Amino acid sequence: MQPYFFPYIGFFQLVYASDKFIFLDDVNYIKGGWVNRNRIMVNGRENYINLNLKEASPFRVINTILIHDNRPKLLKTIEMAYKKAPYFNDAWPVIESVMKYEAATASELIIHGVKEVCKYLDITREFEVSSETYAHTKGLGKAERIIAICEMNNANHYINAIGGTAIYDKEFFLQHGVVLNFLETELVEYQNGADCFVPGLSIIDVMMWNSKEQIQEYMTKYTLV
C-alpha cells in the first residue's frame with residue numbers, strides 16, 4: 001500500500017492481517033488522495049488535516065516529495081480538538097513524537113507514523129519499503145509487480161484494500177500461484193463526543209476515544225473477500 005498520513009483503521013487492519021507489509025513509496029503521488037491528509041473531528045464536525053508538501057504533483061514519485069512544514073499548526077489543531085478526550089494522555093505522546101520526527105521526505109515521516117502507531121498497539125510485523133527492496137520491479141504493470149514481489153517472498157497470499165477490487169483480478173493472480181483477497185473493514189461505531197458518528201476517520205480519532213485494548217479488538221473486525 002502507498003504510505004498514508006495517520007490513515008483510518010482499515011489500513012492498520014491490513015498490517016494486522018499480514019506477515020509482511022510493504023509500503024509502496026516509489027509510485028506517483030495522487031492529488032486528492034490520502035498520502036498527506038486525513039480527517040479528524042473538530043468541535044463535533046469532521047475536518048481535514050493536511051501535511052503540506054513542496055511541489056507535490058501526479059508526475060512526481062511519492063518518496064521524492066518534501067514537507068512544506070506546517071506541523072506545529074497541525075499539532076495545535078489536533079491538541080485542541082482532543083485534549084478532553086478520555087485517552088488523550090495515552091495517544092498524544094505518540095502523535096507528538098511522530099510529528100516532530102526529523103524526516104528527509106514526507107513519505108519517510110508518514111511511514112514512521114504508521115510504524116509508531118503499530119508499536120503503540122503492540123502490532124509487530126515485518127515492514128519493507130518498495131523503493132529500497134523492490135526497485136527493480138518498478139517497470140512492471142501494477143498486478144505483475146505485486147506478483148513479482150510475492151514470488152520474491154515465496155508468498156502465495158496477497159491481501160489488498162477493498163478498493164483494489166476495481167483494479168485487480170483474482171483469477172489473474174491465481175494463474176500465477178497467488179491467492180488474492182480484499183479486506184473489507186467493519187467500521188465499529190464508538191463514542192467520540194459528536195452528535196453523529198462519522199466512520200472512517202483518522203486513527204488519531206480512534207486512539208483518542210478508545211483504549212489500546214479496545215483498538216486491538218477492532219483490529220479483528222474485518223472480512224477477507
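No experiment lies behind these values; they were computed from the predicted model shown.
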Pairs where [range] contributes a residue and the test salt bridge (charged side-chain N to carboxylate O under 4.0 Å, His left out) is met, not counting sequence neighbours:
range	answer
residues 172-199	none
residues 164-180	none
residues 136-151	D26-R145
residues 62-72	D69-R71

Apart from I146 itself, what residues make up its hydrophobic cluster when side-chain heavy atoms of I, L, V, M, F, W and Y under 4.5 Å apart count as a link, directly or indirectly? I147, Y158, I162, I167, Y168, F172, F173, V178, L180, F182, V225
Atom [atom1] in [X], atom [atom2] in [Y]: separation rounded to 0.5 Å?
X	Y	atom1	atom2	value
I9	I215	CD1	CD1	6.5 Å
E46	S202	CD	OG	12.5 Å
K20	I149	NZ	CD1	10.0 Å
Q13	L183	CD	CG	5.5 Å
L14	M1	CG	CE	6.0 Å

Any donor-acceptor N or O pair under 3.5 Å, side chains T105, N63: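 Looking only at side-chain atoms, N63 and T105 do not form any donor-acceptor pair under 3.5 Å.
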Under 3.5 Å, is there a donor-acceptor pair linking the side chains of Y8 and D205?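 Not at all, the side chains of Y8 and D205 share no donor-acceptor pair under 3.5 Å.
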Expected output: side-chain R45 to main-chain M41 donor-acceptor under 3.5 Å: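 The answer is no, because no donor-acceptor pair under 3.5 Å joins these two groups.
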Any pair with a residue in residues 108-148 that passes ring-ring contact (aromatic ring centres under 6.0 Å, His included), sequence neighbours left out, goes on the list, sorted by first then second residue, please.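 ring-ring contact (aromatic ring centres under 6.0 Å, His included) check on residues 108-148 returns F23-F127, Y101-H112.
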Centroid separation under 6.0 Å, is that true for the rings of F11 and F21? yes
Check whether any side-chain heavy atom of [X] sits under 4.5 Å from a side-chain heavy atom of [Y], and report yes or no.
X	Y	answer
W34	R39	yes
V61	V27	no
K212	L121	yes

Is H68 atom NE2 crowded by more than 12 heavy atoms from other residues, nucleotides or ligands, each under 6.0 Å away? no
